[in-house]
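Accompanying notes for the structure given below.
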Amino acid sequence: MLAGRLHVAERALRMETVPVPEPGCGQVRIRVAAAGVCLSDVHLIDGMLTPLYLAGDVVTLGHEVAGTVDALGDGVRGWQPGQRVLLQAGERDRFGLVLTRGVDYDGGWAEYALAREDTLVPVPDLLPFEQACIIPDAVATPWAAVTDTARVRPAEAVAVWGVGGLGAHAVQLLLLVGAAPVIAVDPLPAARDRAIALGADVALDPRDDGFKDAVLELAGTRGLDVAFDFAGVPAAREQAMTVLGRHGRLVLAGIANQPISIPSDSRFTYNRQAVLGHYGSADEHVGQLVTLTGLGRLDLSASVSDVLALADAPEAVRRVRDKQGNPIRLILRP
């Protein structure tokens, strides 16, 4: 079968022919129907991220995967060939370590993928695979950031820096939990237009001289209750700190690999503010989102920016790296 394999030592993505994997005890083989291309995949190829628990130095990329059950390993119960499923983005090993699909073990940039039976989630018939596959990261990561890390409450004033693959979904999800106003912040006009189309109350250019005044006016002069950094840019974090209100929370969901500084510890402590790190999601978040999309509460149709053949994975990586077309998600189809 064809697979997109990252050679970690060389930081090289190669499309290679490899054997179709056989499911072991407790495993299920999935015929992949769709796999997302995430900025994290680009970071792995470029060297910003490195697998921590990978056995060897080659891995099939792809942590956003959906398809149909193809074959069952010994001891598997409750699944049948042909069932529509998505795969959780990772799993815990017997020592409790969190392993990430497509990073620490082979993922879904392939015609077939293996998954432990407890990492499969049923997909409703009306939910397209191209939308289902992105739920475990592009949607679940901001959902967990909104509901668990930040614990956003109705009518709290929030702003999202970076309206890309994660931030665009954050806008939708903040509306779902009742945040108000929802402010999108992005230097790209196309991204700001997209934020408005997705329901943001306003979209601001962070470079505008009147930016701070505009935010404080929208937030009722009290400042933001929550600021989300989905851009992974130090300047975004520094700017967000200037418009946080009392008990304000700055949630770091983007990856910058840079120090963060608090401009004034006295203001920070007086206002009882907090900086919170966020990464990924838990299994229950994926299940919640499948329910919400299945019942029509969440529409992910606008999230699929384009669908490419699996063989074109290097081109998809280039487009994500260059932000060509300002995509939310590019999807690979074997």
Side-chain angles (χ1 to χ4, degrees), residues 39 142 145-146 149-256 258-278 302 322-323 325-328:
L39 187 59
V146 167
T149 300
R151 298 187 180 276
V152 174
R153 296 183 290 272
E156 285 196 310
V158 300
V160 174
W161 272 258
V163 194
L166 298 179
H169 293 116
V171 169
Q172 293 174 274
L173 298 167
L174 286 163
L175 295 170
L176 198 60
V177 300
V182 174
I183 304 167
V185 183
D186 202 293
L188 299 176
R192 297 197 298 273
D193 291 343
R194 178 167 65 200
I196 295 298
L198 291 172
D201 294 294
V202 68
L204 302 177
D205 187 334
R207 301 165 299 185
D208 286 350
D209 292 337
F211 175 84
K212 182 176 181 179
D213 291 339
V215 171
L216 295 178
E217 181 178 355
L218 290 161
T221 71
R222 71 182 188 273
L224 295 174
D225 295 300
V226 190
F228 292 93
D229 169 30
F230 287 105
V233 177
R237 300 167 176 187
E238 295 168 6
Q239 187 176 54
M241 292 287 290
T242 68
V243 287
L244 274 185
R246 187 162 178 79
H247 299 283
R249 291 95 75 196
L250 169 59
V251 178
L252 308 182
I255 298 173
Q258 297 292 327
I260 180 168
S261 60
I262 297 171
S264 168
D265 59 349
S266 58
R267 181 178 184 275
F268 185 83
T269 54
Y270 177 77
N271 285 320
R272 301 178 65 182
Q273 295 169 340
V275 178
L276 304 169
H278 179 81
D322 297 344
K323 297 184 178 180
N326 193 24
I328 295 180

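Just so you know, these numbers come straight off a predicted model, no measurement behind them.
The main-chain N or O of P187 is found under 3.5 Å from a side-chain atom of R207 such that the two form a donor-acceptor pair. With Q273 contributing its side chain and G245 its backbone, the two residues share a donor-acceptor pair below 3.5 Å. Counting only distance, with no hydrogens or angles, the side chain of R249 and the backbone of A150 share a donor-acceptor pair below 3.5 Å. Checking side-chain atoms of D225 against main-chain N and O of V158 turns up no donor-acceptor pair under 3.5 Å. Remark: side-chain polar atoms of D208 are not paired, donor with acceptor, to backbone N or O of G210 under 3.5 angstrom. A donor-acceptor distance shorter than 3.5 angstrom exists from the side chain of D201 to the backbone of V182, with no hydrogens or angles considered. Side chain of R194 to main chain of V163: a donor-acceptor pair is present (N/O by atom type, distance under 3.5 Å, no hydrogens or angles).
The minimum heavy-atom distance linking A159 with V185 is given by the pair CB-CG2, 4.5 Å. Listed here is the closest heavy atom pair of T149 and G277: CG2-O, 3.8 Å. Contact detail for V171 and G199: the closest heavy-atom pair is CG1-C, 4.5 Å. In terms of heavy atoms, A227 sits closest to A240 at CB-CB, 3.8 Å.
Separation of atoms CZ (R267) and CG (L244) is listed at 7.5 Å; rounding is to 0.5 Å. Of the inter-residue distances, the one linking F211 atom CZ with Q239 atom CD reads 4.0 Å to the nearest 0.5 angstrom. To the nearest 0.5 Å, atoms CE (M241) and OG (S264) are separated by 9.0 Å. Interatomic distance, CG of D186 versus CG of D205, reported as 8.5 Å (0.5 Å rounding). Interatomic distance, CG of L198 versus CD1 of I328, reported as 5.5 Å (0.5 Å rounding).
At least one side-chain heavy atom of L224 sits under 4.5 Å from a side-chain heavy atom of I183. Within the 4.5 Å cutoff, the side chain of W161 has no heavy atoms near those of the V233 side chain. Counting only heavy atoms from C-beta outward, the side chains of L166 and F228 never approach each other to under 4.5 Å.
Cation-pi geometry between R246 and Y270 is satisfied (NZ or CZ under 6.0 Å from the ring centre, within 45° of the ring normal).
Within a 6.0 Å radius of CG in D322, other residues, nucleotides and ligands contribute more than 12 heavy atoms.
Each of I260, L276, V226 was evaluated against L250; a single residue qualifies, I260, per the side-chain contact (heavy atoms from CB on, under 4.5 Å) test.
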